[in-house]
Structures are given as structure tokens and as C-alpha cells.
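Note sheet for the following structure.
Numbers restart at 1 for each chain; the letters A, B, ... are given by sequence-line order, proteins then strands.
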There are 2 protein chains.
Amino acid sequence: MGSAHSEAACRAREMLDRVGDKWSLPVISELGTETRRFTELRRAIDGISHRMLTVTLRELERDGIITRTVHAVMPPRVEYTLTPMGHALLDAVGSLVTWAEAHLDEIDAARTGYDARAEQASALTRPPGRENR
Amino acid sequence: MGSAHSEAACRAREMLDRVGDKWSLPVISELGTETRRFTELRRAIDGISHRMLTVTLRELERDGIITRTVHAVMPPRVEYTLTPMGHALLDAVGSLVTWAEAHLDEIDAARTGYDARAEQASALTRPPGRENR
DNA sequence: CAGAATCCCAGACGATACTG
DNA sequence: CAGTATCGTCTGGGATTCTG
């Protein structure tokens with residue numbers, strides 16, 4: 001029952017909530033190539049904090065998108081791998097990337113145009129006087 | 001060629017930041033069918049507040065994903081339409097939806113399993129005593 | 001009807017310090 | 001090396017009120 005839209009949009013939103021946080025995608029993308037250790041990921045992903053890498057990995061593991069393997073050695077060695085489901089997700093995200101690349105210029109242009117128009121509009125409203133250069 | 005990952009992941013993240021907020025996708029999805037007025041969208045999208053619809057529409061318009069048309073009548077009549085770029089985006093998101101639908105059960109299972117294991121693990125650590133039922 | 005402006009809070013995220 | 005715990009900040013977004 002209800003609107004046909006919610007079906008699709010709703011499912012998609014669940015996923016964007018999952019993958020749309022700040023670091024999930026970089027992590028997934030990095031693991032797309034090959035299995036990695038904690039510190040390797042840390043170094044490969046620019047700007048991620050120690051804590052956020054941990055948190056992100058936990059979430060992804062919980063959802064079955066990555067696998068965590070602990071090797072009982074000293075010092076500890078933990079490896080992370082993308083599951084088949086994770087690879088499929090990476091593929092799905094691919095079409096977003098494609099879209100983004102295809103329309104990046106168009107988006108920039110749209111923003112510039114919008115901002116220019118907004119600036120003009122507010123200039124009309126604004127009390128006339130010397131511009132604040 | 002440094003890290004192959006950043007190229008793709010970075011672009012994708014820009015888009016997830018754009019579309020990954022709480023309401024962009026429902027709005028886009030709703031406009032995918034046909035042109036809509038403000039209040040129509042408000043009613044169609046369950047749970048969205050007046051304010052957030054306004055904000056979301058502004059952002060999408062700024063990025064050239066939707067078009068805003070004002071009809072100078074009383075009462076005001078404003079219509080929103082998906083641009084071609086917007087339609088393309090909706091298509092791209094489609095593969096995420098497909099992925100989500102295909103793996104929903106798998107994700108639920110993974111979570112349940114993970115949580116169960118976590119519960120067990122903490123039980124071992126926890127000081128033995130009577131369970132808190 | 002459509003939208004702008006204000007206030008406020010929960011939760012996401014970063015920095016830092018400690019542990020096995 | 002890998003992970004946990006604690007704390008402070010900052011922002012997304014909800015409720016509400018005012019306008020053309």
C-alpha cells in the first residue's frame with residue numbers, strides 16, 4: 001500500500017546512512033584492491049583518525065561488509081578484507097562515481113550561476129550605498 | 001600514480017555528501033515521477049518538516065539537480081522539476097537500491113550474528129554472578 | 001501557499017590518553 | 001600494533017514563529 005516511491009527511496013536511504021558517513025567509502029574503496037592491516041588503512045586513508053578508523057571498521061564488520069581476521073602473534077596483526085557483499089556494494093557505488101565525474105562541471109556551473117543570481121537579488125533588497133569592497 | 005583509491009572514493013564522497021543527507025533522496029525520488037508543488041512534496045514525503053523541505057530544495061536547485069518555477073499568482077504557486085542531470089542521478093542511485101534489496105537479509109543476519117557474538121564475549125569478561133534477566 | 005529567521009539539541013567526529 | 005575510553009566541539013536538522 002502507500003506510495004510507490006517510498007519503497008525505493010527508503011531502501012536507498014538505509015544504505016546511504018550506512019555508507020554515507022565520512023569514512024565508510026574510503027575504507028571500502030581501499031579494501032576493494034586487497035586485504036589490508038589496520039595501520040596500512042590508517043596510512044592509506046588521508047586524514048582519518050585512529051578512533052574513526054576503528055569505529056568505521058566495527059560498523060562495516062557488523063554489517064557483514066568486511067571481515068576481520070586476528071592473527072595471534074606479537075605484535076598483534078589484524079587484517080581486514082572486503083566480503084563478496086562488500087565488493088558488490090563497491091560496484092554499486094561505482095555508478096554514483098560515474099555520474100559524479102560526468103556532471104562535475106555542470107554542477108560547478110550551476111552553483112556559480114545560482115550564487116551569482118542570489119548575490120544580485122540580495123543587492124536589490126540591500127539599502128543602496130557604497131559597496132563594501 | 002599514487003593511490004588509485006582516492007580518485008574514485010573522493011568523487012563518490014562528494015556525491016554522498018550531496019545526496020546522502022536525510023531528505024535529498026526522497027525529494028529526488030518523488031520528483032522522478034513528475035513535477036510537484038511545495039505542499040505536494042511536503043505531503044508525499046513522510047516526516048519531512050516544512051523547514052527541511054525548503055532547505056533541501058534550495059541545495060538541490062543550487063546544484064542544478066532540480067528546477068524551481070514560480071508562477072506569479074495569488075496564492076503563490078511554485079513547481080519543482082527534476083533536471084536531466086537529476087534524472088541521471090536517480091538512475092545512478094538505482095544500483096544502490098538494487099544492492100540494498102539484494103542484501104537486506106544478509107545484512108540483518110550479519111548484524112544479529114555480530115551482536116550475539118559481542119554479547120557472549122562481554123559475558124566472559126563480565127564478573128560471574130547472577131544474570132540480570 | 002511558500003519561505004525566511006531563530007532557537008535548540010542529539011549525535012557525529014576529532015584529540016588525547018591509556019591498555020594488552 | 002591494534003583497540004578502548006573520555007571529553008570537547010561543531011553541525012544537521014527539528015520546532016516554532018514571522019512575512020509577502
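For the pair B:Leu16 CG and C:dA12 P, the computed distance is 17 Å after rounding to whole Å. Atom pair B:Arg43:CZ and C:dC1:C1' shows a separation of 10 Å (rounding to whole Å applied).
Among the heavy atoms of the strands, none lies under 4.0 Å from A:Arg42.
Put simply, CZ on B:Arg18 and CG on B:Asp63 are 4.5 Å apart, with the number rounded to the nearest 0.5 Å. Atom CD of B:Glu34 is separated from atom CG of B:Leu82 by 12.0 Å, given to the nearest 0.5 angstrom. Rounding to the nearest 0.5 Å gives a distance of 11.0 Å between OG1 of A:Thr83 and CD of A:Glu61.
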Run the side-chain donor-acceptor check on residues 67-76 of chain B: report pairs under 3.5 Å with partners two or more places apart or on a different chain.
unit_1	atom_1	unit_2	atom_2	d
B:Arg68	NE	B:Tyr80	OH	3.3
B:His71	NE2	B:Glu79	OE1	3.2

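The closest donor-acceptor contact from the side chain of B:Ser24 to the backbone of B:Val19 lies at 3.5 Å or more, if one exists at all. The main-chain N or O of A:Met52 is found under 3.5 Å from a side-chain atom of A:Thr56 such that the two form a donor-acceptor pair. A:Arg111 places no side-chain N or O within 3.5 Å of a backbone atom of A:Glu106 that could act as its donor or acceptor partner.
Non-hydrogen atoms lying under 4.0 Å from DNA chain D are contributed by A:Thr54, A:Arg58, all within residues 53-63 of chain A.
The shortest distance between side-chain heavy atoms of A:Thr39 and A:Arg43 falls below 4.5 Å.
Under the ring-ring contact (aromatic ring centres under 6.0 Å, His included) criterion, B:Trp23 pairs with no residue, sequence neighbours left out. For B:His87, the ring-ring contact (aromatic ring centres under 6.0 Å, His included) criterion is met by no residue, not counting sequence neighbours.
You can see that DNA chain D meets the heavy atoms of chain B within a 4.0 Å-exclusive cut from D:dG13 to D:dG20, reading 5' to 3'.
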Report, one pair per line, the protein and nucleotides 14-18 of chain C atoms (nitrogen or oxygen only) whose separation is under 3.5 Å.
unit_1	atom_1	unit_2	atom_2	d
C:dG14	OP1	A:Lys22	NZ	3.1
C:dG14	OP2	A:Trp23	NE1	3.3
C:dG14	N7	A:Arg51	NE	3.2
C:dG14	O6	A:Arg51	NE	3.4

